[in-house]
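In this text, all values refer to a predicted model and were calculated from it rather than measured experimentally. Quick note: residue numbers are just sequence positions, from 1.
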Amino acid sequence: MSTPLIVGNWKMNGLGEAVTEIAAMAGAGRANLWVAPPFTLIDRAVIVAAGAVTIGGQDCHAAFSGAHTGCVSAAMLADLGAGFVIIGHSERRTDNGECDADVRAKALAARAAGLDVIVCVGETQEQRDAGAAEAIVGAQLAGSLPDAVDGLIVAYEPVWAIGTGRTPTPADVAAIHGFIRAQLLARFGLMGRGVRILYGGSVKPDNAALLLGQPHVGGALVGGASLTAASFLAIAAAAG
Ligand code: PGA
């Protein structure tokens, strides 16, 4: 199995001095560490990461350029030296009303700009309680994914686990990642085997090994615990 990919999502956190954390992450000399700081830090983060940590964006617009005040295009991210972009995070789906079609359009734009794209899916607590987790995630995959697997990563993030300190049981993680793999195989044929699936939602140094040890889990998407090099590197070390 390939080394787990550990991706940090800084969300709306970090002023200038925070790039020293990225410098420390880069200094650890680990492969497969990616970090998405806020747009404002990408330029500086790319410099201090010096290629040892891949820097990405947390969102992009679906258009290449145009009259979209306040937005950032995938081409702009690539121009700064970003290597990837997170698309369809539940906070954007909720706060900004992004639907699956929006997410898919952004994913296509990201691929066209040469960025790897992490497409996020995941159910709410109510949906899980209603026994609808697979139906919801299946519909999100069907509507959000681009047409080809090149540069595609899927992140499963149950909304109820994000920032809450709660996580699914290892059995539930295994079950839904197996379901996602089956959906990828159905959609892309054997090419679906190679698509990496990340788990996200309250990943910490003390639960990373268990969560990432489940079948079809190819890494983690980490929010709060990615803000310092100490906890992010501890997760990477626990993941192996
Ligand atoms: P968390 O966030 O690790 O703080 O739960 C995960 C995410 O939203 O990607």
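In this structure, CD in Glu21 is found 10.0 Å from OG in Ser226, a value given to the nearest 0.5 Å. For the atom pair CD1 of Ile47 and CD1 of Ile22, the computed distance is 11.5 Å after rounding to the nearest 0.5 Å. Going from atom OG of Ser73 over to atom NZ of Lys106 covers 11.5 Å, rounded to the nearest 0.5 Å. Atom CG of Leu233 and atom OG1 of Thr228 lie 8.5 Å apart (nearest 0.5 Å). The distance from the OG1 atom of Thr3 to the CG atom of Leu33 is 10.5 Å, given to the nearest 0.5 Å. Atom CD1 of residue Ile55 and atom CG of residue Leu80 lie 11.0 Å apart, to the nearest 0.5 angstrom.
Closest approach of Val159 and Ser90 over heavy atoms only: CG2-CB, 3.8 Å. Between Ala174 and Gln214, the shortest heavy-atom contact is CB-OE1, 3.9 Å. Looking at every heavy atom in both residues, Lys11 comes nearest to Gly223 through CE-CA, 4.4 Å. When all heavy atoms of Ser144 and Ala107 are compared, the closest pair comes out as O-CB, 4.3 Å. Shortest non-hydrogen contact noted between Asp102 and Gly97 is OD2-O, 3.9 Å. Minimum heavy-atom separation, Pro4 to Gly240: CD-O, 3.5 Å.
A single hydrophobic cluster is not seen to contain both Ile153 and Ile180; linkage of ILVMFWY side chains at heavy-atom distances under 4.5 Å, directly or through other members, places them apart. Note on Trp10: it clusters hydrophobically with Val19, by side-chain heavy-atom contacts below 4.5 Å among ILVMFWY residues. Neither Ile136 nor Phe179 shares a network with the other; the hydrophobic side chains, linked directly or stepwise wherever heavy atoms of I, L, V, M, F, W or Y lie under 4.5 Å apart, form separate groups for each. Linking ILVMFWY side-chain heavy atoms closer than 4.5 Å, directly or via other members, places Leu115 and Val7 in two distinct hydrophobic clusters. Ile235 and Ile86 fall into different hydrophobic clusters, where Ile, Leu, Val, Met, Phe, Trp and Tyr side chains are chained together by heavy-atom contacts under 4.5 Å.
Side-chain contact between Val72 and His61 is absent, with no heavy-atom pair separated by less than 4.5 Å. With contacts defined as side-chain heavy-atom distances shorter than 4.5 Å, the pair Leu221/Tyr199 does not qualify. The side-chain heavy atoms of Phe39 and Gln58, taken from C-beta on, include no pair separated by under 4.5 Å. Between Leu211 and Val217, every side-chain heavy-atom pair lies at or beyond the 4.5 Å cut-off. Side-chain contact between Leu141 and Val154 is present, with heavy atoms from C-beta onward closer than 4.5 Å. His89 is not listed as a side-chain neighbour of Asp59, based on a closest heavy-atom distance of 4.5 Å or more. Val117 places none of its side-chain heavy atoms less than 4.5 Å from the side chain of Phe84. At least one side-chain heavy atom of Leu198 sits less than 4.5 Å from a side-chain heavy atom of Leu5.
A donor-acceptor pair is defined here as one N or O able to donate and one able to accept, closer than 3.5 Å; such a pair exists between the side chain of Arg196 and the backbone of Gly218.
If you run side-chain contact (heavy atoms from CB on, under 4.5 Å) between Val85 and each of Leu77, Val119, Asp116, Ile118, only Leu77 comes through.
For Asp100, the salt bridge (charged side-chain N to carboxylate O under 4.0 Å, His left out) partners at least two apart in sequence or on another chain are Arg93.
For the residue pair Glu126 and Trp160, no side-chain donor N or O sits within less than 3.5 Å of a side-chain acceptor on the partner. A donor atom on one side chain and an acceptor atom on the other are found under 3.5 Å apart for Thr124 and Gln127.
By the 6.0 Å contact criterion, CZ on Arg193 is open, its count of non-hydrogen atoms from other residues, nucleotides or ligands being 12 or less.
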Begin with the C-alpha distance, continue with both residues' side-chain angles, and end with the deciding distance and a verdict on side-chain contact (heavy atoms from CB on, under 4.5 Å) for Ile87 and Arg92.
CA-CA 8 Å; Ile87 297 295; Arg92 292 208 59 88; over 6 Å; no

Which is it for Trp34 and Val53 under the side-chain contact (heavy atoms from CB on, under 4.5 Å) test, yes or no, and what are the steps along the way?
CA-CA 5 Å; Trp34 293 10; Val53 172; 5.7 Å; no

Step by step, work out the side-chain contact (heavy atoms from CB on, under 4.5 Å) result for Leu145 and Arg104.
CA-CA 5 Å; Leu145 295 185; Arg104 177 177 146 80; over 6 Å; no

Residues Asp172, Ile176; criterion side-chain contact (heavy atoms from CB on, under 4.5 Å); working and verdict:
CA-CA 6 Å; Asp172 284 343; Ile176 199 125; over 6 Å; no

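Salt bridge absent: Arg111 and Asp147 never bring a charged side-chain N and a carboxylate O closer than 4.0 Å.
Using cut-offs of 30° and 60° for the angle between ring planes, the His177 and Tyr156 rings count as perpendicular.
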